[in-house]
Visitor: 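Take a look at this one; I'll ask things after.
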Amino acid sequence: GTGFLVLLGIHESDDIEDVNYLAQKISGLRIFSDEEGKMNLDLQQVHGDILLVSQFTLYANTKKGNRPSFIEAARPEKAIPLYEKMIQSLEEKLGKKIQTGQFGADMKISLINDGPVTIMIDSKNP
């Protein structure tokens, strides 16, 4: 159905403030079309859902060589609690359960992108 596929990359320097910022921004993002075809409606207005997937590979550094480095991605002992807090924060803001991936699992995800609209939100550059 209608909604967001959120690929969440957690940086080694991220903390609860980053989670709070992202949850607020994601839940209020007005990118769905209104009756005039303008991007003006948020997730709640379209009764949309979220699939939240942890994606450490978003922090791939490809500057040297051909093999990406992921040293900027948070280690699981830091990333898992922040991922779980993001789930909780989004559910509170939307007033309903969200769907999630399984942290650290090899997953196959299908997406039908309406638009295409892909938006990057960086909590370190609000």
Side-chain angles (χ1 to χ4, degrees):
T2 300
F4 295 155
L5 168 59
V6 177
L7 302 176
L8 180 67
I10 301 174
H11 190 271
E12 64 182 357
S13 68
D14 285 344
D15 60 23
I16 193 67
E17 294 303 317
D18 296 286
V19 169
N20 292 338
Y21 171 80
L22 290 171
Q24 182 68 36
K25 186 61 83 170
I26 291 166
S27 64
L29 204 57
R30 296 175 18 194
I31 64 167
F32 295 100
S33 298
D34 63 14
E35 56 279 345
E36 296 177 13
K38 294 182 182 175
M39 293 172 102
N40 200 28
L41 303 177
D42 66 24
L43 202 55
Q44 289 181 311
Q45 291 172 305
V46 298
H47 307 289
D49 294 306
I50 290 179
L51 171 57
L52 177 70
V53 177
S54 176
Q55 190 74 26
F56 79 92
T57 59
L58 290 171
Y59 281 105
N61 184 331
T62 59
K63 289 182 181 178
K64 291 174 119 179
N66 292 320
R67 183 171 181 211
S69 168
F70 303 105
I71 61 173
E72 292 185 27
R75 306 273 317 142
E77 54 273 9
K78 179 173 187 170
I80 291 171
L82 291 175
Y83 176 69
E84 290 172 350
K85 180 61 179 165
M86 178 62 84
I87 294 167
Q88 178 187 0
S89 295
L90 287 170
E91 288 179 344
E92 287 172 2
K93 293 193 179 311
L94 297 175
K96 65 180 180 178
K97 294 291 245 180
I98 67 166
Q99 300 298 309
T100 65
Q102 183 178 358
F103 190 94
D106 181 17
M107 295 173 284
K108 309 293 186 246
I109 299 169
S110 295
L111 165 67
I112 298 172
N113 200 358
D114 184 8
V117 176
T118 303
I119 297 172
M120 290 179 42
I121 304 171
D122 183 353
S123 63
K124 301 299 187 200
N125 189 16

Visitor: Should we say atom CD of Q102 is surrounded by more than 12 heavy atoms from elsewhere, each under 6.0 Å from it?
Guide: no

Visitor: Could you pull out the closest heavy-atom pair between P81 and E77, with the gap in Å?
Guide: CD-O, 3.4 Å

Visitor: Check whether any side-chain N or O of K93 sits under 3.5 Å from a backbone N or O of Q24 as a donor-acceptor pair, and report yes or no.
Guide: no

Visitor: Looking at side-chain heavy atoms only, is the closest gap between I26 and L52 below 4.5 Å?
Guide: no

Visitor: Could you pull out the closest heavy-atom pair between I10 and L82, with the gap in Å?
Guide: CG2-CD1, 3.8 Å

Visitor: So which atom in S54 and which in F103 form the shortest heavy-atom distance, rounded to 0.1 Å?
Guide: OG-CE1, 3.2 Å

Visitor: Going by atom types only, do E84 and Q88 share a side-chain donor-acceptor pair under 3.5 Å?
Guide: no

Visitor: Indicate if L111 and M107 have the same hydrophobic cluster label, given that clusters are the connected sets of ILVMFWY residues with side-chain heavy-atom separations under 4.5 angstrom.
Guide: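 Result: yes, single cluster for both.
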
Visitor: With no hydrogens and no angle check, is any side-chain donor or acceptor of E91 less than 3.5 Å from a backbone partner on I98?
Guide: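 The answer is yes, because a donor-acceptor pair under 3.5 Å joins these two groups.
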
Visitor: Are more than 12 heavy atoms, taken from residues, nucleotides or ligands other than K97, located less than 6.0 Å from that residue's NZ atom?
Guide: no

Visitor: Between D114 and F32, is any pair of side-chain heavy atoms under 4.5 Å apart?
Guide: no

Visitor: Can you name the nearest heavy-atom pair linking T62 to P68, along with the distance?
Guide: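 Distance-wise, the nearest heavy atoms are CG2-CB, 4.1 Å.
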
Visitor: Using 0.5 Å steps for rounding, measure from the OG atom of S69 to the NZ atom of K63.
Guide: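 Between S69 OG and K63 NZ, I get 11.0 Å after rounding to 0.5 Å.
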
Visitor: Shared ILVMFWY cluster between Y21 and I87, side chains joined below 4.5 angstrom?
Guide: yes

Visitor: Would you find a donor on one side and an acceptor on the other, under 3.5 Å apart, between the side chain of Q45 and the backbone of D42?
Guide: yes

Visitor: Using 0.5 Å steps for rounding, measure from the OG atom of S27 to the CD atom of Q44.
Guide: 7.0 Å

Visitor: Measuring only between side-chain heavy atoms, which start at C-beta, is L43 closer than 4.5 Å to L29?
Guide: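 No, their side chains stay 4.5 Å or more apart.
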
Visitor: Please answer: with hydrophobic residues joined when any side-chain heavy atoms are less than 4.5 Å apart, are I16 and L8 in the same cluster?
Guide: yes

Visitor: To the nearest 0.5 Å, how far apart are CD1 in I80 and NZ in K78?
Guide: 13.5 Å

Visitor: Is atom CE of M120 surrounded by more than 12 heavy atoms (other residues, nucleotides or ligands) closer than 6.0 Å?
Guide: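 For M120, atom CE is not crowded (no more than 12 foreign heavy atoms under 6.0 Å).
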
Visitor: Should the ring pair F70 and F56 be called parallel, tilted or perpendicular, given that the plane angle runs from 0 to 90° and is split at 30 and 60?
Guide: perpendicular

Visitor: Does a side-chain heavy-atom distance below 4.5 Å link Q99 with D49?
Guide: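 Result no, sub-4.5 Å side-chain heavy-atom pair not found.
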
Visitor: Hey, does D18 have a side-chain heavy atom less than 4.5 Å from the side chain of K124?
Guide: yes

Visitor: According to a hydrophobic-cluster definition based on side-chain heavy atoms being under 4.5 Å apart (Ile, Leu, Val, Met, Phe, Trp, Tyr only), do L58 and L22 belong together?
Guide: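 Different clusters: L58 never reaches L22 through Ile, Leu, Val, Met, Phe, Trp or Tyr contacts under 4.5 Å.
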
Visitor: Indicate yes or no for a side-chain donor-acceptor contact from K25 to the backbone of D122 under 3.5 Å, with no hydrogens or angles considered.
Guide: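 No; zero donor-acceptor contacts below 3.5 Å.
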
Visitor: Using side-chain heavy atoms (C-beta onward) and a distance below 4.5 Å, is L51 in contact with I109?
Guide: yes

Visitor: Looking at K85 and V19, what are the two nearest heavy atoms and their distance?
Guide: CG-CG1, 3.8 Å

Visitor: Under a single-linkage definition using a 4.5 Å side-chain heavy-atom cutoff for Ile, Leu, Val, Met, Phe, Trp and Tyr, are V117 and I50 assigned to the same hydrophobic cluster?
Guide: yes

Visitor: Using a 4.5 Å cut-off on heavy atoms from C-beta on, say whether the side chain of I71 contacts that of N61.
Guide: no

Visitor: In the structure I gave you, are the side-chain heavy atoms of L90 and M86 within less than 4.5 Å of one another anywhere?
Guide: yes

